[in-house]
Amino acid sequence: MKKLIIATLALGLSLTSFAQEKGKNTVEVKGNCEMCKKRIEKAAMGVKGVRSIDWSADKQAMNLFINTKKTSVLEVEKAIAKAGHDTANVKATKEAYDGLHSCCQYER
């Protein structure tokens with residue numbers, strides 16, 4: 001009986017881990033500073049289905065957790081591009097990029 005309980009718990013934990021990793025993505029996003037971080041994360045969190053985001057200036061990338069039934073990485077990238085930041089698949093318009101503070105403008 002004890003082995004059955006341990007096996008059930010182990011299976012449950014492994015399934016939980018798999019489910020959490022399903023919506024995890026790492027995506028390149030251009031930016032420079034803390035103002036960029038706030039803008040990028042705010043734009044991403046404005047998309048329905050985004051669970052969490054963490055953008056790193058050092059890595060020029062975001063770790064993104066989404067509910068894949070509600071949104072896609074591409075939809076998040078489009079929202080970030082509207083805020084003025086280029087992503088791996090979507091470029092910000094010239095107007096959006098030019099609207100960034102001078103310290104936030106990166107080499108395109």
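Considering CD of Glu75 and NZ of Lys48, their distance stands at 13.5 Å, rounded to 0.5 Å. Separation of atoms OG (Ser52) and NZ (Lys24) is listed at 10.0 Å; rounding is to 0.5 Å.
Residue Ala83 comes nearest to Ala43 through the heavy atom pair CB-CB, 4.0 Å, listed as atom of the first residue, atom of the second, then distance. For Val73 against Ile66, the heavy-atom pair with the smallest separation is N-CD1, 3.8 Å. Considering every non-hydrogen atom in both His85 and Arg39, the closest pair reads NE2-NH1, 2.9 Å. When all heavy atoms of Ile53 and Ala44 are compared, the closest pair comes out as CD1-CB, 3.4 Å.
Under the 4.5 Å side-chain heavy-atom criterion for grouping Ile, Leu, Val, Met, Phe, Trp and Tyr, Ile40 is connected to Met45 within one hydrophobic cluster. Val90 and Val29 fall into different hydrophobic clusters, where Ile, Leu, Val, Met, Phe, Trp and Tyr residues are linked whenever their side-chain heavy atoms come under 4.5 Å apart, directly or through other members. The hydrophobic clustering, which links ILVMFWY residues whose side-chain heavy atoms are closer than 4.5 Å, places Leu74 and Leu64 apart. In terms of hydrophobic clustering, with Ile, Leu, Val, Met, Phe, Trp and Tyr side chains grouped at heavy-atom distances under 4.5 Å, Val47 and Trp55 are assigned to a common cluster.
Residues Met62 and Asn25 form no side-chain contact, since every pair of their non-hydrogen atoms from C-beta on lies 4.5 Å or further apart.
For the pair Gln60 (side chain) and Ala57 (backbone), a donor-acceptor distance under 3.5 Å is present. In terms of modelled atom types and a separation under 3.5 Å, the side chain of Tyr106 and the main chain of Asp86 share a donor-acceptor contact. In this structure, Asn32 contributes its side chain and Cys103 its backbone to a donor-acceptor pair below 3.5 Å. A donor-acceptor pair is defined here as one N or O able to donate and one able to accept, closer than 3.5 Å; such a pair exists between the side chain of Glu77 and the backbone of Asn89.
Residues Glu34 and Lys37 are not paired through a salt bridge, judged by the lack of any N-O separation under 4.0 Å between the basic side chain and the carboxylate.
Take Asn67 and apply the side-chain hydrogen bond (donor to acceptor under 3.5 Å, both in side chains) test, not counting sequence neighbours, and it matches no residue.
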